[in-house]
Structure formats: C-alpha cells, structure tokens
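Here's the structure, in structure tokens; my notes come after.
Keep in mind that the numbers below use all heavy atoms, side chains included, and drop hydrogens, waters and symmetry copies. Below, chains carry the letters A, B, ... as their sequence lines are ordered, and counting in each starts from 1.
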Amino acid sequence: MSKTTFTTHHGMTDLLPGEIEQWQALESLIHETARRYHFQEIRTPVMEQTELIARGVGQLTDIVSKEMFTFDRGEDHYVLRPEGTAPVARAYVQNHLAQRGGTQRLYYIGPFFRAERPQKGRQRQFHQFGAELIGSSSAIADVEIIAFMTAVYRQIGIKNTTLKLNSVGDPASRDAYRNALHDYFRPLSDKLSEISRNRLDTNPMRILDSKEDQDQPLKADAPKITDYLSEKSREHFDTVKELLDRLDIPYEMDPFLVRGLDYYTETAFELVSPDLGSQDALGGGGRYDLLIEEVGGQPTPAVGFACGIERLMIACEALGITLAHPTGPDIYFVTRGEEAARWALEKMPELRNCGLVCTMDYSGRSLKAQMKDANRQQARFAVIIGEQELQENLFTLRDMVKSEEYQVTSDDIADRVQA
RNA sequence: GAGCCCAUAGCUCAGUCGGUUAGAGCGCCAGGUUGUGGCCCUGGAGGCCGUGGGUUCAAUUCCCAUUGGGCUCCCCA
C-alpha cells in the first residue's frame with residue numbers, strides 16, 4: 001500500500017494561517033503607503049516573453065544566463081518573471097501610458113521566480129514590492145522613490161537600516177570608469193581571487209562586489225566612479241544627495257555599490273539590514289534611463305526600486321515586530337442536536353450581516369469538546385443552543401474572556417456581543 | 001555551478017558504543033464533569049527512525065548513493 005505524497009518544488013513554500021496574517025498586514029501597509037505617495041498599482045502577468053527579460057535585464061547578467069524558469073510552446077518562449085522592472089517597462093510601452101501625460105507613478109507587489117540555490121532570504125518563488133516612476137529625469141523623482149521605499153520600513157518600525165548610495169553615471173562616464181578600473185586591476189591580476197580575475201576583462205565593475213577576503217585590500221585603493229562622472233551626472237547626483245539631506249533621509253556613500261542589472265544608470269541605492277544574514281539587502285533600486293527605449297519605447301527616463309518581502313519578514317522576526325495576530329470569531333455556536341445546529345446555521349447570516357464573525361461546530365461533538373474548540377479558536381463568546389433554549393427562546397451567551405454567562409433571546413445576541 | 005552541516009511521532013528533540021515490543025515534552029482525540037473552555041489527573045491514537053543499496057547472524061544505529069532541508073560562496077530582493 002504505497003501512498004504517493006506531493007511536496008512543493010525546491011525553494012517554494014506554502015504560506016499558512018498563523019503566518020499569513022503578518023503578510024497581509026505588511027501588504028496592506030505597503031498599499032497604504034503607496035496610496036499616500038500617490039503611486040498606483042499595476043499588475044502584470046507572471047509570465048513574459050523570454051526575449052523581453054533577456055533584453056531588458058541583460059544577456060550577461062546571472063539572472064538571464066542561468067536563473068530563469070523558461071519553457072516553450074510552439075513558437076512562443078515563456079519565462080516566469082524574475083524581476084518587476086522590465087515587465088512594467090513593457091506594460092508602459094505596450095499600453096501607451098506615456099499618452100496619459102505626465103509621469104507615471106506605478107507600484108507592484110507579487111511573486112517572482114529565479115532558479116537559484118535557496119538559502120536564508122532567498123527562495124525560488126519569492127515576493128517583491130516595488131515602484132517605478134517613469135517619465136522624469138529630475139533628481140526629485142529619484143528622491144521620491146527613495147522616500148517611498150524608506151517610508152515603508154519606517155512605518156513598519158524597522159529602523160536599523162542603512163541606505164547605501166552611489167552613482168553609476170551615464171554610459172560615457174561608465175566607459176571611462178571601466179577603463180580606469182581595468183588599468184588599476186590589470187597589474188594586480190595575480191593577487192585577485194579567481195572569480196575577480198575572470199571579471200577583469202568581462203565586467204571589471206563587478207570586482208567591486210566581491211566578498212572574497214583577498215580582494216578587499218585591493219578594492220580599497222581602486223578608483224571610484226564618482227571621480228569619473230560627467231558634469232551632468234555629478235550635478236544630478238549632488239542634487240539627489242542635497243534633497244535627501246533636506247528630507248532627513250540618512251545615507252551612506254558606497255563607491256563600490258554597482259548594482260547587478262544592466263539597465264541601471266546614474267543613481268544607485270540599496271537598503272541593507274544587519275538582521276538578514278548573508279543576504280543583507282532589503283531592497284534596492286536606481287535610475288534606468290535606457291530601459292524603456294531598450295524594450296521598444298521612446299527614450300524615457302525612469303527610476304525605481306524593488307524590495308524582497310521574505311527579507312522584510314526576516315527583519316521583522318529579528319526585531320520582534322508583529323503587526324497582526326490570528327483573530328478568533330466573535331461568536332462560536334455550541335449546539336446540542338441536529339435541530340440546534342440548523343438553527344445556528346440559519347442565525348449566522350443575520351449576525352454576519354451585522355459585521356460579526358461567526359462560526360459553529362460541524363461535528364456534533366460533546367458540549368465539552370465544542371467549548372474546547374471555541375476556546376482554542378479564541379472565540380469571544382460562545383452561544384449554547386439545546387432543545388430547551390429553542391423552546392424558550394432563551395440562549396446561554398458565555399463570555400469566554402470574563403467567564404460570565406447571560407440568558408439572552410435570539411434577537412438580543414447581536415446587541416449583547418456588540419455592546 | 002562549488003563547499004559544509006542536518007534528516008527519529010503533527011511540532012521540538014532524546015536514544016540505540018549494531019541486538020527482543022523506539023521514548024519524552026508539546027499538540028491531537030477521549031474520559032474524569034451524562035449541558036460548559038482555559039488549570040489538573042487518567043487513558044488513547046499517531047513512527048516500516050527520509051529513500052535505495054552495501055557490510056553483518058542482526059542496521060534506526062556503520063558505509064555508499066540519492067532525495068529533501070539548513071547555512072555559505074557566486075549573485076541577487
């Protein structure tokens with residue numbers, strides 16, 4: 001007698017009652033913060049054309065080169081979206097949102113997929129919320145995005161975060177910098193870690209990301225991109241910093257912050273937390289002035305961020321932040337006999353229409369077992385219904401917290417519970 | 001793609017230096033209270049000791065593989 005059991009795929013988990021309440025609370029807090037910042041929600045499909053992601057995110061990135069879930073049906077190439085910005089850019093172009101005028105202020109929240117080896121704070125199906133402000137090149141837009149992102153964490157009560165800030169400049173600045181880095185690391189190549197040595201020719205900026213111990217002293221004296229910014233990029237970045245100061249949003253300059261995806265230009269930022277372990281980024285983002293054009297639109301400047309909800313959960317747990325607990329019903333109907341159960345079934349809709357949360361026993365168990373269940377479910381009141389109660393229209397309403405009982409008529413139940 | 005650790009009841013974990021019927025706490029079900037929860041007492045259900053193979057008279061225990069999980073590197077949210 002073999003029983004086949006099924007499990008979730010590697011790196012994908014169920015969210016169960018008991019933990020889902022915290023998710024729901026965080027989600028409503030995100031929605032509420034978005035509302036105040038006047039960002040509007042956008043929902044795009046979880047699947048996109050593979051080519052969109054390849055172009056938008058960048059062929060050479062790890063995401064595209066080895067972490068995508070893809071499959072083909074006939075001529076169509078599907079990919080489970082690994083991130084949110086390219087799909088939003090696609091939606092912006094496809095739906096002609098530019099024609100609505102002004103800047104588009106969009107936010108999203110939902111599942112994403114990457115075929116990585118799971119570890120703490122990294123799942124194969126994970127969840128992000130993020131925002132995109134499309135159609136403005138102003139430093140004010142950068143700061144609005146950062147303000148929105150940090151506001152969410154402040155609302156939640158996560159205060160021990162660090163906002164790391166850098167600018168990766170415009171394409172010309174980046175080219176100049178890349179050459180300078182190459183010139184700097186070339187003579188040191190045999191002292192570099194193997195991984196970094198391989199990046200020397202392909203993408204020297206990634207060497208700055210290295211966590212290898214042997215690379216750290218070499219990194220320290222490396223040229224900084226902020227010394228290679230064009231006049232315009234420098235001004236933009238200076239303005240961003242000045243505005244952040246004015247808003248009292250603290251930040252820390254990190255000249256080695258080079259974000260992984262190809263589409264970033266100018267401002268780059270990352271919000272890190274000491275409570276996350278190895279994967280210490282709560283979220284990150286930056287400006288991506290080239291992406292909209294890359295996916296087929298008119299040249300359009302844009303800036304955005306994305307944050308991991310699982311990592312937010314980890315931070316909340318570490319800090320003991322609980323936004324919501326499971327809640328019990330207002331009334332639990334304890335019944336004796338079929339007749340009483342039917343009476344309860346018919347009574348509940350009326351009470352629910354009054355906004356009361358009602359439930360009952362469905363198994364015809366002993367009174368004691370039902371009371372125990374009511375207690376376990378943290379019911380505020382139990383209403384006990386037997387033959388005598390039905391005949392006399394007098395029911396026992398038990399306050400489960402105060403352990404007091406009252407005799408009430410059918411019509412009085414709602415009033416007494418709501419009192 | 002690479003490395004390290006782990007795997008016994010629903011959960012958290014003991015245990016067997018290889019040897020009869022594998023344990024605890026919590027949880028679950030029931031009784032003590034034939035119409036009353038939380039505390040207490042009593043009883044019960046629930047494990048082919050992750051899976052497959054090897055060594056052995058004998059494996060949950062030792063060995064190998066595999067699967068799943070955790071952590072780390074890479075990279076990212």
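Using a 30° and 60° split on the angle between ring planes, A:Y37 and A:F148 fall in the parallel class, below 30°.
Salt bridge absent: A:K164 and A:E252 never bring a charged side-chain N and a carboxylate O closer than 4.0 Å. Salt-bridge formation is not detected for the pair A:E350/A:R352: no Lys NZ or Arg NE/NH1/NH2 atom is positioned less than 4.0 Å from an Asp or Glu carboxylate oxygen.
To the nearest angstrom, P of B:rA77 lies 17 Å from CZ of A:F113. The nearest whole Å value for the distance from the NZ atom in A:K120 to the P atom in B:rG70 is 12 Å. B:rC71 atom P lies 12 Å from atom CG of A:L276, rounded to whole Å.
Remark: side-chain polar atoms of A:R81 are paired, donor with acceptor, to backbone N or O of A:P111 under 3.5 angstrom. Using a distance-only test at 3.5 Å, with no hydrogens or angles considered, no donor-acceptor pair links the side chain of A:T409 to the main chain of A:L394.
The gap from the C1' atom of B:rC62 to that of B:rC26 amounts to 33 Å, rounded to the nearest Å. Going from the C1' atom of B:rA77 to that of B:rG18 covers 49 Å, rounded to whole Å. Using atom P as the reference point in both B:rU72 and B:rA30, the two lie 44 Å apart (nearest Å). For the P atoms, the distance from B:rG3 to B:rC64 is 15 Å, rounded to whole Å. The separation of B:rC13 from B:rC6, taken at their C1' atoms, amounts to 13 Å, rounded to a whole angstrom. Here, B:rG46 and B:rG25 have their C1' atoms 15 Å apart, quoted to the whole Å.
Annotation: A:F129 is not in aromatic contact with A:Y107 [ring centroid separation under 6.0 Å not met].
For A:R122 and B:rA77, a side-chain-to-base donor-acceptor distance below 3.5 Å is absent, hydrogens and geometry of angles not being considered. Side chain A:Q123 to base B:rA77: no donor-acceptor pair is found below 3.5 Å.
When each of A:R311 and A:H10 is assigned the nucleotide of RNA chain B with its nearest heavy atom, A:H10 is the one assigned upstream, toward the 5' end.
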Whether each nucleotide of nucleotides 33-43 of chain B has a protein heavy atom under 4.0 Å at its base (B), only at its sugar-phosphate (S) or at neither (-) is summarised, 5' to 3', as --BBBB-----
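You'll find that the side chain of A:F126 is closest to B:rA77, out of B:rA77, B:rC71, B:rG69.
No option in A:Y406, A:F381, A:W343 other than A:W343 meets the ring pair (Phe, Tyr, Trp, His ring centres under 6.0 Å) test with A:F395.
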